[in-house]
Amino acid sequence: MEAMRERDYATVADVLAPDVVIRSPITDSFQFHGRADALAVLTIVAEAMEDLEHRDLLGDDTVWTQRFRARVRGRVLEGMDLLRFDEQGRVRELTVFVRHLPSLAAFAAAVSPGVGRRRGLLTVIALRLLIEPLAAITRRGDRLVGWLLRGTWGVAGSA
């Protein structure tokens, strides 16, 4: 957690098992396998996040969950990591969950160019064409839904 906050990628690499698997909050159709790919994607993620803070660490020697909060493209992003460890205490599996659809879409838009860069410029362009409109629609839709529902449930709501 501290290594991610401090962007200490050598330490992040040291805690990853050689055969680590990362499951993304964006898609279930693709996972990142192996230490090199995991470190590359975690670097992209860390660079996209501001003010990363971890909270509520729960678990034991084999499984942990930890809540996190960060800002991505000006949006507050909340999430939870589920980490499974190997016999040496290294992360062998990381599954990430993110909440608020607009925040997830902003996160996807922020990291997709870096993730797609390995496949080339056309992949980066395709990802941007797919994800940027989703980020814009969900950002505007979130505000509209809040406005429409405010006051209808007996509470003031929050922005």
Answer whether the closest heavy-atom distance between the side chains of [X] and [Y] falls below 4.5 Å.
X: L39; Y: Y9; answer: yes
X: L82; Y: V63; answer: yes
X: L77; Y: R71; answer: no
X: M4; Y: D81; answer: no
X: R7; Y: E47; answer: yes
X: I26; Y: V96; answer: no
X: E78; Y: S103; answer: no
X: L52; Y: M49; answer: yes

Tell me the closest heavy-atom pair linking [X] and [Y], and the distance in Å.
X: A38; Y: V20; result: CB-CG1, 3.5 Å
X: A109; Y: A135; result: CB-CB, 4.1 Å
X: A48; Y: V111; result: CB-CG1, 3.8 Å
X: R35; Y: A13; result: NE-O, 3.3 Å
X: A3; Y: V12; result: CB-CG2, 3.6 Å
X: V124; Y: G116; result: CG2-C, 3.8 Å

Indicate yes or no for a side-chain donor-acceptor contact from [X] to the backbone of [Y] under 3.5 Å, with no hydrogens or angles considered.
X: T138; Y: A105; value: no
X: R73; Y: F107; value: no
X: D37; Y: A40; value: no

Report, as yes or no, whether the 6.0 Å neighbourhood of atom [atom1] on [X] holds more than 12 heavy atoms from other residues, nucleotides or ligands.
X: D28; atom1: CG; value: no
X: L122; atom1: CG; value: no
X: D61; atom1: CG; value: no

Determine whether the side chains of H54 and R5 contain a donor N or O and an acceptor N or O closer than 3.5 Å.
yes
Check whether [X] and [Y] end up in the same hydrophobic cluster, where Ile, Leu, Val, Met, Phe, Trp and Tyr are linked by side-chain heavy atoms less than 4.5 Å apart.
X: L101; Y: L127; answer: no
X: V98; Y: I44; answer: yes
X: F32; Y: F85; answer: yes
X: M1; Y: V72; answer: yes
X: F97; Y: V76; answer: no

Pairing residues for R90 by the side-chain hydrogen bond (donor to acceptor under 3.5 Å, both in side chains) criterion, not counting sequence neighbours
D86, Q88
Spacing of [X] atom [atom1] and [Y] atom [atom2] [to the nearest 0.5 Å]:
X: F68; Y: D56; atom1: CZ; atom2: CG; value: 12.5 Å
X: R118; Y: T123; atom1: CZ; atom2: OG1; value: 12.5 Å
X: L58; Y: T65; atom1: CG; atom2: OG1; value: 4.5 Å
X: T62; Y: R84; atom1: OG1; atom2: CZ; value: 8.0 Å
X: L104; Y: S24; atom1: CG; atom2: OG; value: 8.0 Å
X: I137; Y: D142; atom1: CD1; atom2: CG; value: 13.5 Å

Would you sort out whether L42 and L94 count as a side chain to side chain contact (heavy atoms under 4.5 Å, CB included), showing the intermediate values?
CA-CA 11 Å; L42 289 173; L94 168 60; 4.1 Å; yes
Can you tell whether the side chains of E53 and R69 come within less than 4.0 Å, N to carboxylate O?
no
